[in-house]
Amino acid sequence: MSTRIPQGAARPDAPPGRAAARPPASPADPAAAPPRVDRRRWAWLFALGWVAQVAVRLWLGSGQTVPVATPDESGYLFAARVLTGGPDADMSFGTVYRGGYPLLLTPAFWVGEGPVGVYRAALAINALVSAAMLPLAYLLLRRLAVRRRWSYVFAHVTALLPCVLFYSGFVLTDAILPVLVVGWLLLAHTWLTAPPPAGAARPSG
């Protein structure tokens, strides 16, 4: 018969008041614990980055006072003026301008004074929307498993690409089109990768 004592069991000759010795617990693996994200610091980084992107766009369009890409810029501004209850304009000789982008421009007629003020306010609206490429590009890069810091850096680079930055100085749909495309891609990816709802029936194979 074996006389080997199992690990962790009390020895027969041990004092009655002494507890059985236990093996030392292994320390938790620090790499397995999720890193603590400083949400406040990242919120400030994105807020300041977005303000910087808006400032760059306003600075590039500081010399613009009248529409130069006619008749498109004038057509969108006329459509926005009609949506605010202002007088219409005869644009029957040009392209039909839909009401989506002019609806975004309607606040320019509420805050702008005179034609120059309205045009400058429309460019400011473009800058606010176009600068949203920063957080959207960051989210897209994170979906591609890029590290957080590099995603933030390359998001700034993406927001400063010519195809994103150039048209923000004109009252055209091209100013907000990149933001809409990236936002649509993120929504489509979220929809396609979302887990099925609880209780949903699985197709039988």
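When reading the values below, keep in mind they use all heavy atoms of this one structure, side chains included, and skip hydrogens, waters and symmetry mates.
The minimum heavy-atom distance between C163 and P178, with the atom names listed, is O-CG, 3.8 Å. V118 and A108 get closest at one heavy-atom pair: O-CB, 3.6 Å. Smallest separation of non-hydrogen atoms from A175 and S130: O-CB, 3.8 Å. Between V54 and A127, the shortest heavy-atom contact is CG2-O, 3.8 Å. Closest approach of L77 and P67 over heavy atoms only: CD1-CG, 3.9 Å. Between Q53 and A131, the shortest heavy-atom distance links the atoms CB-CB, 3.7 Å.
Rounded to the nearest 0.5 angstrom, L134 CG and L45 CG are separated by 10.0 Å. The line from CG of L144 to NE2 of H189 is 7.5 Å long, rounded to the nearest 0.5 Å. Residue L104 holds its CG atom at 5.5 Å from CD1 of I176, rounded to the nearest 0.5 Å. Atom CG of L180 and atom CG of L187 lie 10.5 Å apart (nearest 0.5 Å). Note that CG of L185 is 12.5 Å distant from CG of L139, once rounded to the nearest 0.5 Å.
One N or O on the side chain of R142 and one on the backbone of V146 form a donor-acceptor pair closer than 3.5 Å. No donor-acceptor pair closer than 3.5 Å links the side chain of S74 to the backbone N or O of P71. Without hydrogens or angle criteria, R120 side chain to P115 main chain gives no donor-acceptor distance under 3.5 Å. Although no hydrogens or angles enter the test, the distance criterion places a donor-acceptor pair under 3.5 Å between the side chain of E73 and the main chain of V68. No donor-acceptor pair under 3.5 Å is formed between the side chain of D72 and the backbone N or O of L172. Using modelled atom types, no side-chain atom of R57 and backbone atom of F166 make a donor-acceptor pair closer than 3.5 Å.
Transitive grouping of hydrophobic side chains (ILVMFWY, heavy atoms separated by less than 4.5 Å) keeps L165 and V179 in distinct clusters. L141 and M133 fall into different hydrophobic clusters, defined by Ile, Leu, Val, Met, Phe, Trp and Tyr side-chain heavy atoms under 4.5 Å apart, directly or through other members. Both F170 and L105 belong to a common hydrophobic cluster when Ile, Leu, Val, Met, Phe, Trp and Tyr are linked at side-chain heavy-atom distances under 4.5 angstrom. Criterion: ILVMFWY side-chain heavy atoms under 4.5 Å apart, direct or through other members. Under it, V164 and L186 are part of a common hydrophobic cluster. In terms of hydrophobic clustering, with Ile, Leu, Val, Met, Phe, Trp and Tyr side chains grouped at heavy-atom distances under 4.5 Å, V129 and Y167 are assigned to a common cluster.
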- Query: Given the rule in the side-chain hydrogen bond (donor to acceptor under 3.5 Å, both in side chains) test, do R143 and T190 qualify, once you have shown the distances and angles that lead to the verdict?
  - Reply: CA-CA 10 Å; R143 299 284 177 92; T190 302; 3.1 Å; yes

- Message: Under the criterion side-chain hydrogen bond (donor to acceptor under 3.5 Å, both in side chains), I'd like the reasoning laid out for Y101 against D174: C-alpha separation, chi angles, the key distance, then a yes or no.
- Response: CA-CA 10 Å; Y101 180 58; D174 306 73; over 6 Å; no

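Under the ring-ring contact (aromatic ring centres under 6.0 Å, His included) criterion, the residue pairs touching residues 126-159 are W42-Y152, F46-Y138, F46-Y152, W150-F154, Y152-H156, with sequence neighbours excluded.
Counting heavy atoms from C-beta outward, Y119 and V66 have side chains that stay 4.5 Å or more apart.
For R147, the CZ atom sits in a loose shell: 12 or fewer heavy atoms of surrounding residues, nucleotides or ligands are nearer than 6.0 Å.
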